[in-house]
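Below is one structure, written out as structure tokens; the observations come after it.
Here is the naming used below: chain letters follow the sequence lines, and residue numbers restart at 1 for every chain.
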Amino acid sequence: MKNTIIIKKNYEFKNLFSKGKFYYGEYIHIYIKENTSNYNKIGIAISGKQGKAVDRNRAKRLIREAYKNLEEHIKKGNSFLIIINKDVKIEELTYNNVEKNMRKTIDKANLLIK
RNA sequence: AAAGUAAAUUGAGUAGUCGCUGAUGAUACUCGAAAGGGUACAUGAGAGGAAAGUCCGGGCUCCAUAGAGCAAAGAUACUUGAUAACGUCAAGCGAGGGUGACCUCAGGGAAAGUGCAACAGAAAAUAACAACCAUAAAUAUUAUGGUUCAGGUGAAAAGGUGAGGUAAAAGCUCACCAGCAUUGCAGUGAUGCAGUGGCUGUGUAAACCCUAUCUGGAGCAACACCUUAAAUGAAAAUAAAAGUGCUCGUCUUUUAUUUAAUAGAUUUUAUGAGUGGCUUGAAAUAUAUAGCAAUAUAUAUUCUAGAUAAAUGACUAUUCGCGACAGAACCCGGCUUAUAGAUUUACUUUAACU
């Protein structure tokens, strides 16, 4: 992920939750907000209630992998905060589902380069 | 061969493409006065048997010292050994279970004291309802004395079974068994075996309690360093107060008073970011020696995750038995709980054959 920074600070997460625009997806939801830099920022948030450590790790890996493959097609200068839909069991997630859903959801926000 | 018992190992493999986190570098480019940093590339490494629960025991850090005594609270409880230590482990003892291999155990003290023992029953620990026997009265019974065998109740009924004995009976006497005390022998010891004695004293300590041993508290979000901001203003003596439940001893801090000194440092708190702590250790593997074993000692070899919104993945192909429980977070030794399947070793019983 050459042009992307992973969000690490707690206040950045809070900021995105409160001020980002919410986009609904079948498997994942995304909060999106513009930032002033030339980079994209991405954060992944999964609560402890949604699964055990192994499941949460797997979900993060799938999302990170999907984002990596989509990175070239996304416009720069935005922050993303990705959340798993609470109605979906993490065991049912696959790479193909996550990637298609992420592409659709980001397309709703008109941030895909076509 | 079937059924079982115990112990140990393993926890999908291979190839390709893209990617993640540390480490190393006489490499290339780049920032910088330098120290050093960044990017690329190359090399090699990268989750578990439970990483989990956070239930015990240690290391390490801070709480002034981690010192002594007392109190309180908690933990442990057959013996000997192992260990840094343990509530863990090993080998034994005792009790119970299983045809057996083997398994299970809140396994100190009830003769220090207090409490409790529902219902039933005459009576639940100063026992006497009904019954049996003797004597007297007088006669469908009553009174006094002896006895506690047989009866029913109950988780438990005042040692058990049998014989003698008696008016009727009873450890009243005897034999065997059980329990208690004591002596001898064997064993380091728990304990076992044998003898002797008197003839008994219920259960409950997963009720209080007693005895012995052990335990100061909080935790890596510990703690140390750096930057920024704000506040304060140094030393000595005396007194008071404070510093973990209490007391004592030493030490420290704060406040007040007095005295001395006169300028470049000191201290505390809060906020924010980062670095260290952080992985060479009661380490792993192999061999030898000692020991029944847990384990110890010696020698040789090896370095084997170190993240911090948190690194092991995705896709494709392929093989099989079609993949369970599950993700390091300061580090070790255990315990407990979860776990698809596969493999190995030793042993037991039953059946068949030789």
Worksheet item: Under a 90° cut-off about 0 for the syn range, is U279(B) syn or anti?
Response: syn
Worksheet entry | Which nucleotide in A47(B), A310(B), C18(B) has an atom nearest any side-chain atom of Glu65(A) | C18(B)
Discussion item. Taking G277(B) as the reference, what is the distance to C248(B) when you measure between their P atoms (whole Å, please)?
Written reply: 45 Å
Discussion item. How long is the straight-line distance from CD1 of Ile28(A) back to CD1 of Ile106(A), given to the nearest 0.5 Å?
Written reply: 7.0 Å
Between the protein and nucleotides 50-54 of chain B, are there any N/O to N/O pairs under 3.5 Å, and if so, what are the atom names and distances?
none

Response to the item:
One should read off an interatomic distance between Tyr24(A) OH and Asn101(A) CG, to the nearest 0.5 angstrom, of 9.0 Å
Worksheet item: Is Glu65(A) salt-bridged to Arg61(A), cutoff N-O under 4.0 Å?
Response: no
Worksheet, complete the sentence: note: Arg61(A), atom CZ; A310(B), atom P; distance rounded to Å ~ 11 Å
Fill in: P atoms of A85(B) and U99(B), separation to the nearest Å
44 Å
Item to complete: Please give the nucleotide sitting opposite U10(B) as a Watson-Crick or G-U wobble pair, both distances under 3.5 Å, or none.
Response: G341(B)
Discussion item. Under a 3.5 Å cut-off for both contacts, is U297(B) paired Watson-Crick or G-U wobble with anything, and if yes, with which nucleotide?
Written reply: A288(B)
Worksheet item: Atom CD1 of Ile63(A) to atom C1' of C20(B): distance rounded to whole Å?
Response: 16 Å
Worksheet item: Roughly how far apart, to the nearest Å, are U10(B) and A286(B) at atom P?
Response: 12 Å
Worksheet entry | Watson-Crick or G-U counterpart of C278(B), or none if no pair lies under 3.5 Å | none
Worksheet item: Atom CG of Leu81(A) and atom CZ of Phe22(A): how far apart are they, to the nearest 0.5 Å?
Response: 10.5 Å
Practice prompt. Write down the distance between CG (Asn57(A)) and C1' (A329(B)), rounded to a whole number of angstrom.
Written response: 13 Å
Worksheet item: Where does G171(B) land, syn or anti, once you apply the within-90°-of-0 test for syn?
Response: syn
Practice prompt. Determine the interatomic distance between P on U147(B) and the same-named atom on A127(B); round to the nearest Å.
Written response: 14 Å
Item to complete: Please report, rounded to the nearest Å, how far the C1' atom of G313(B) is from the NZ atom of Lys60(A).
Response: 14 Å
Worksheet item: What nucleotide among A314(B), A47(B), U312(B) has an atom nearest to a side-chain atom of Arg64(A)?
Response: U312(B)
Item to complete: Among Met102(A), Arg64(A), Lys60(A), His29(A), find the residue that satisfies the side-chain contact (heavy atoms from CB on, under 4.5 Å) test when tested with Ile82(A).
Response: Met102(A)
Fill in: Partner nucleotide, any strand, of C251(B) [Watson-Crick/G-U, under 3.5 Å]
G243(B)
Item to complete: With a 3.5 angstrom cut-off on both distances, give the Watson-Crick or G-U wobble partner of C149(B), or none if there isn't one.
Response: none
Worksheet item: How should the glycosidic conformation of A127(B) be described, syn or anti, under the criterion that syn lies within 90° of 0?
Response: anti
Item to complete: Can you tell me the pairing partner of U126(B) across any strand shown, Watson-Crick or G-U wobble, with both distances under 3.5 angstrom?
Response: none
Worksheet entry | Pairing nucleotide - A84(B), Watson-Crick or G-U, each distance under 3.5 Å | none
Worksheet item: Taking the same atom, C1', in U238(B) and in G217(B), what whole-Å distance lies between them?
Response: 35 Å
Worksheet item: Under a 90° cut-off about 0 for the syn range, is G37(B) syn or anti?
Response: anti
Discussion item. I want to verify the glycosidic state of G49(B); is it syn or anti under the 90° rule?
Written reply: syn
Worksheet item: Within the structure, does a side-chain N or O atom of Arg58(A) lie under 4.0 Å from either OP1 or OP2 of A314(B)?
Response: yes
Worksheet item: What integer number of Å spans the C1' atoms of G341(B) and A300(B)?
Response: 39 Å
Fill in: Pairwise P distance, U258(B) and U232(B) [rounded to whole Å]
23 Å
Item to complete: To the nearest Å, give me how far apart CG (Leu62(A)) and P (C20(B)) are.
Response: 17 Å
Discussion item. Distance check, C1' atoms only: A342(B) and C320(B), in whole angstrom units.
Written reply: 12 Å
Worksheet item: Taking a pair as Watson-Crick or G-U wobble with both distances under 3.5 Å, which nucleotide is matched to C62(B)?
Response: G217(B)
